[in-house]
Q: 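I'd like to ask some things about the structure below.
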Amino acid sequence: MKTEKFRIRPDRKVRLKDHDPSDTLGWKNKDAAEEKLAKDVERLAELQEILYAQDRWSLLLMFQAMDAAGKDGAIKHVMSGVNPQGCQVASFKAPSAEDLDHDFLWRCQKHLPERGRIGIFNRSWYEEMLVVRVHPNILEKQQVPTELVTDKIWKQRAESITDFEKHLSRNGTKVIKFFLNVSRDEQKKRFLDRIDKPEKNWKMSPSDATERGHWDEYQDAYEDVLSWTSTERAPWYVIPADNKWFSRMAVAHIVVRTLEEMDLKFPEVGKERRNALLETKKMLEAEED
Ligand code: ATP
Ligand code: MG
């Protein structure tokens, strides 16, 4: 599957109009896609077990998107086969007063995956270049000293983020980032569906429609995020998200490939331990039933 097409090369100006939200790389058949997803989910479970046993590396998956693009569903489906002990999900909503008393990376750092684990960020520090940029009143509430708030602040935040992600990668955390790229029309359809179906009402709030009113500003902010913060070590993938069956399959494929490239290995036990295990085996076999 040619998901490399979705990977953003470092230091390129990204234009979202060049990324088709309904692209399926030629896949037409939802059932075939679900079959492939199921296989990748199985493979992911195997790789996660090795990651956990080896206890050296960790993987951080970040998800960003406009509302109703399918972040929650993608996380749920892709991680469905993974042992919950080896995986931790953190969702970032509006920051607390305590969060605001710290630098903007602080609240997310507390949720970084331990060695051997897969960490998932449902939203992340990238909100600091998105919602905060689109709504200047949020920035005002952040208590940053006024002289530090200049028109360079978004580029500076991008630098802080890329520096920090580099630090993570140097310490054994592989970072990959997904932007689920839904179209404006598809978002409207999904909102209407959430309103029409009472069991989906909880997913929708009137403020989601207000955010939709800022669509173009968000697209511009996303373009800067993608252009400024995709690196070789911590790449962005722009995943077409108008078809949920496709976006889930694509995300699972990329996660599996990333883990495979990490060249994970079960830890080898030393000769002494191996001999001790063989002794144990003898004892077990000698037990009377
Ligand atoms: P989602 O929309 O991700 O499925 P949700 O609807 O359950 O989640 P919301 O209550 O919409 O959750 O919370 C997410 C909101 O928090 C978003 O509007 C997001 O922009 C906002 N948010 C996240 N991080 C920040 C931040 N650093 N500063 C301000 N607002 C933020
Ligand atoms: Mg929401």
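First listed ligand is number 1; within each ligand, the first listed atom is number 1.
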Q: Where on L130 is there a heavy atom closer than 4.0 Å to ligand 1, on the side chain, on the backbone, on both, or on neither?
A: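 Neither part.
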Q: Judging by distance only, is a nitrogen or oxygen of R123 under 3.5 angstrom from one on ligand 1?
A: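 So ligand 1 has an N or O lying under 3.5 Å from an N or O of R123.
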Q: Look at ligand 1 and say whether H135 reaches it with a heavy atom at a distance under 4.0 Å.
A: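 Under 4.0 Å: no for H135.
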Q: Please could you name the atoms of ligand 1 that E128 approaches to less than 4.0 Å, counting only its heavy atoms?
A: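 Selected atoms, number and element: 27 (N).
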Q: Answer yes or no: are there more than 12 heavy-atom neighbours, outside E49 itself, under 6.0 Å from its atom CD?
A: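 Open.
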Q: Pull out every atom of ligand 1 sitting under 4.0 Å from any heavy atom of D72, numbered as shown with elements.
A: 4 (O)
Q: For the atom pair CD (Q187) and CZ (R212), what is the distance rounded to the nearest 0.5 Å?
A: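 Answer for the CD-CZ pair, Q187 versus R212, is 5.0 Å.
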Q: Would you say ligand 1 has an N or O under 3.5 Å from any N or O of R107?
A: yes
Q: Quick check with a 6.0 Å cut-off and a 45 degree axis cone: is R157 positioned over the face of F104's six-membered ring?
A: yes
Q: Would you say ligand 1 has an N or O under 3.5 Å from any N or O of E127?
A: yes
Q: Which of the numbered atoms in ligand 1 are below 4.0 angstrom from a heavy atom of D67?
A: 2 (O)
Q: At a non-hydrogen distance cut-off of under 4.0 Å, which region of K203 contacts ligand 1 (side chain, backbone, both, or neither)?
A: neither
Q: Is it the case that ligand 1 has an N or O less than 3.5 angstrom from some N or O of K93?
A: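 Yes, since at least one N or O of K93 sits under 3.5 Å from an N or O of ligand 1.
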Q: Taking the six-membered ring of W106, is the NZ or CZ of K110 close enough (under 6.0 Å from the centre) and on axis enough (within 45°)?
A: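 Yes.
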Q: Within a radius of less than 6.0 Å around CH2 of W228, do more than 12 heavy atoms belonging to other residues, nucleotides or ligands occur?
A: yes
Q: Is there a donor in the side chain of E217 and an acceptor in the side chain of H214, or the other way round, less than 3.5 Å apart?
A: yes
Q: Let's go through R117 and E114 carefully: what are the C-alpha distance in whole Å and the side-chain angles of both, what is the deciding distance for salt bridge (Lys or Arg N to Asp or Glu O under 4.0 Å) to 0.1 Å, and is it a yes or a no?
A: CA-CA 6 Å; R117 314 279 169 115; E114 295 158 47; 3.5 Å; yes
